[in-house]
Student: 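Once you've had a glance at the structure underneath, I'll fire off some questions.
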Amino acid sequence: LFNHCWALVGRTDILERLHAFVQSRRRVAVLYGRGTSGKTKVLFEFSKEFKSRHQGQALLFLREGITLNEDTIKQVPAQPTTIVIDDAQRCTDLKFLLNAAQQYPDRIKLVLSARPQGKHFIRTSLSETGFDIEEIDDLGELGNLGLKDLKELARQVIGREREHLVDPLVGATKASPLHTVLPPRLQAHKAIHPKLSAQQPKFQYPVLRP
């Protein structure tokens, strides 16, 4: 049920800023957003466009739960490489990765995606590993999707034949892309009423954990 196969709506501005960061002299980009705001979807679309827009460069995503050490850093390609860390506030080896980026300043860029409550951890980690403020591209916090974008997302999920359900769904999901996508998916698979979806443990854990 949790996937990013829907067409991106809105967020084109932040997507363009990520691509601009790759071409810039800055070395770390930071993006904040609450759970369900669509950070991972933006990063997914960024990855889809990366090869065509940044020829000769590599893109890696840090897999959650992987322990970082010198051997893992040696696996980074010997070319300009952007490494994405989604939910960076949960990365226990973040400082190790930041220090590795300091060792290869002309080769490694980092994109850190985090929840707002992780700001202090991210900023402290960057400061303690010697990153200057001029090297950091703070992309800010993802805001709510506009009503028009939410309705377009809902239409993708519900289908044109049930378009009469778009307004009630958008009204119940309160500007959250994930909450807009999941209720009809849960309903289709388990006949769960959309308003009850947030009470389901399989929905709560990945969405609401810090």
Student: Between Y32 and K39, is there a cation-pi geometry (under 6.0 Å to ring centre, at most 45° from the normal)?
Tutor: no
Student: Between D71 (side chain only) and K74 (backbone N and O only), is there a donor and an acceptor less than 3.5 Å apart?
Tutor: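 No; judged by distance alone, with no hydrogens or angles, the pair does not exist.
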Student: In terms of hydrophobic clusters joined by side-chain contacts under 4.5 Å, are F121 and V30 together?
Tutor: yes
Student: Do you reckon V22 sits in the same ILVMFWY cluster as I136, going by side-chain contacts under 4.5 Å, direct or chained?
Tutor: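 The answer is no; the residues belong to distinct hydrophobic clusters.
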Student: In terms of hydrophobic clusters joined by side-chain contacts under 4.5 Å, are L112 and F21 together?
Tutor: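 Cluster IDs for L112 and F21 differ.
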Student: From R53 CZ over to L18 CG, what is the distance, rounded to the nearest 0.5 angstrom?
Tutor: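 The CZ atom of R53 sits 10.0 Å away from the CG atom of L18.
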Student: According to salt bridge (Lys or Arg N to Asp or Glu O under 4.0 Å), who are the partners of K95, at least two apart in sequence or on a separate chain?
Tutor: E128
Student: With rounding to the nearest 0.5 angstrom, report the NZ to CG distance, K41 to L15.
Tutor: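 One gets 10.0 Å once the value is rounded to the nearest 0.5 Å.
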Student: Ignoring hydrogens, what is the shortest heavy-atom contact between A101 and I108? Give both atom names and the distance.
Tutor: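 The pair with the smallest heavy-atom distance is CB-CG2, 3.9 Å.
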Student: Is it the case that atom CD1 in I66 sees more than 12 heavy atoms from other parts of the structure closer than 6.0 Å?
Tutor: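 More than 12 heavy atoms, drawn from other residues, nucleotides or ligands, come within 6.0 Å of this atom.
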Student: Determine whether V111 and I83 make a side-chain contact, defined as any pair of heavy atoms from C-beta on separated by less than 4.5 Å.
Tutor: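 In short, these two side chains do not touch, never coming nearer than 4.5 Å.
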Student: Set out, in order, the CA-CA distance, both residues' side-chain angles and the distance that settles side chain to side chain donor-acceptor pair (under 3.5 Å) for Q102 and R27, then state yes or no.
Tutor: CA-CA 9 Å; Q102 290 286 42; R27 300 173 54 208; 2.8 Å; yes
Student: Decide whether R34 and Q117 meet the rule of one side-chain donor and one side-chain acceptor closer than 3.5 Å.
Tutor: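 Checked: R34/Q117 side chains show no N/O donor-acceptor pair below 3.5 Å.
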Student: Take S113 and D86, measure what side chain to side chain donor-acceptor pair (under 3.5 Å) needs, and give me the verdict at the end.
Tutor: CA-CA 5 Å; S113 164; D86 198 9; 2.9 Å; yes
Student: Which heavy atom of L94 sits nearest to which heavy atom of A88, and what is that distance?
Tutor: CD2-O, 4.2 Å
Student: Please give me the minimum heavy-atom distance between L43 and F61, naming the atom from each residue.
Tutor: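 Nearest heavy atoms, L43 then F61: O-CZ, 3.7 Å.
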Student: Tell me if a side-chain donor or acceptor on S52 pairs with a main-chain N or O of E49 at a distance below 3.5 Å.
Tutor: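 Here the side-chain-to-backbone pair exists.
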Student: Is the side chain of Q23 donor-acceptor paired with the backbone N or O of A20 at a distance under 3.5 Å, no angle test?
Tutor: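 No; zero donor-acceptor contacts below 3.5 Å.
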Student: In sequence, state the C-alpha distance, the side-chain angles, and the governing distance for D87 and R115, and then conclude on side-chain contact (heavy atoms from CB on, under 4.5 Å).
Tutor: CA-CA 7 Å; D87 283 322; R115 302 212 178 173; 4.0 Å; yes
Student: By the salt bridge (Lys or Arg N to Asp or Glu O under 4.0 Å) test, which pairs, at least two apart or in different chains, include something from residues 100-113?
Tutor: none
Student: Can you tell if the side chain of D138 reaches within under 4.5 Å of the side chain of R123, non-hydrogen atoms only?
Tutor: yes
Student: Nearest heavy-atom pair of E141 and P116: which atoms, and what distance?
Tutor: OE2-CG, 3.5 Å
Student: Starting at CG of L68, measure out to SG of C91 and round the result to the nearest 0.5 Å.
Tutor: 6.0 Å
Student: Decide whether V84 and L62 are clustered together by the hydrophobic rule: side chain heavy atoms of Ile, Leu, Val, Met, Phe, Trp, Tyr closer than 4.5 Å, transitively.
Tutor: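 Different clusters: V84 never reaches L62 through Ile, Leu, Val, Met, Phe, Trp or Tyr contacts under 4.5 Å.
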Student: Sequence neighbours excluded, which residues qualify as salt bridge (Lys or Arg N to Asp or Glu O under 4.0 Å) partners of D137?
Tutor: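 Salt bridge (Lys or Arg N to Asp or Glu O under 4.0 Å) check on D137 returns R17, R26.
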Student: For Q103, enumerate each residue passing the side-chain hydrogen bond (donor to acceptor under 3.5 Å, both in side chains) test, keeping only those at least two apart in sequence or located in another chain.
Tutor: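 Q103 satisfies side-chain hydrogen bond (donor to acceptor under 3.5 Å, both in side chains) with no residue once adjacent residues are dropped.
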Student: Can you tell me if Q55 has over 12 outside heavy atoms packed within less than 6.0 Å of its CD?
Tutor: no
Student: Please round to the nearest 0.5 Å and tell me the distance separating atom OG of S127 and atom CD1 of I122.
Tutor: 13.0 Å
Student: Could you tell me which non-hydrogen atom of G56 sits nearest to which non-hydrogen atom of P80, and how far apart they are?
Tutor: O-CD, 4.0 Å
Student: Can you name the residues that form a ring-ring contact (aromatic ring centres under 6.0 Å, His included) with F50, not counting sequence neighbours?
Tutor: F46, H54
Student: Search all heavy atoms of Y104 against all heavy atoms of I73 and return the closest pair with its distance.
Tutor: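 Distance-wise, the nearest heavy atoms are CE1-CG2, 4.1 Å.
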Student: Output all residues satisfying side chain to side chain contact (heavy atoms under 4.5 Å, CB included) with L31, sequence neighbours left out; order by chain, then residue number.
Tutor: I14, L139, L142
Student: Which value, rounded to the nearest 0.5 Å, describes the distance between Q57 atom CD and T81 atom OG1?
Tutor: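 Atom-to-atom, Q57:CD and T81:OG1 are 8.0 Å apart.
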Student: Could you state the interatomic distance from OG1 (T72) to CG (L60), rounded to the nearest 0.5 Å?
Tutor: 11.0 Å
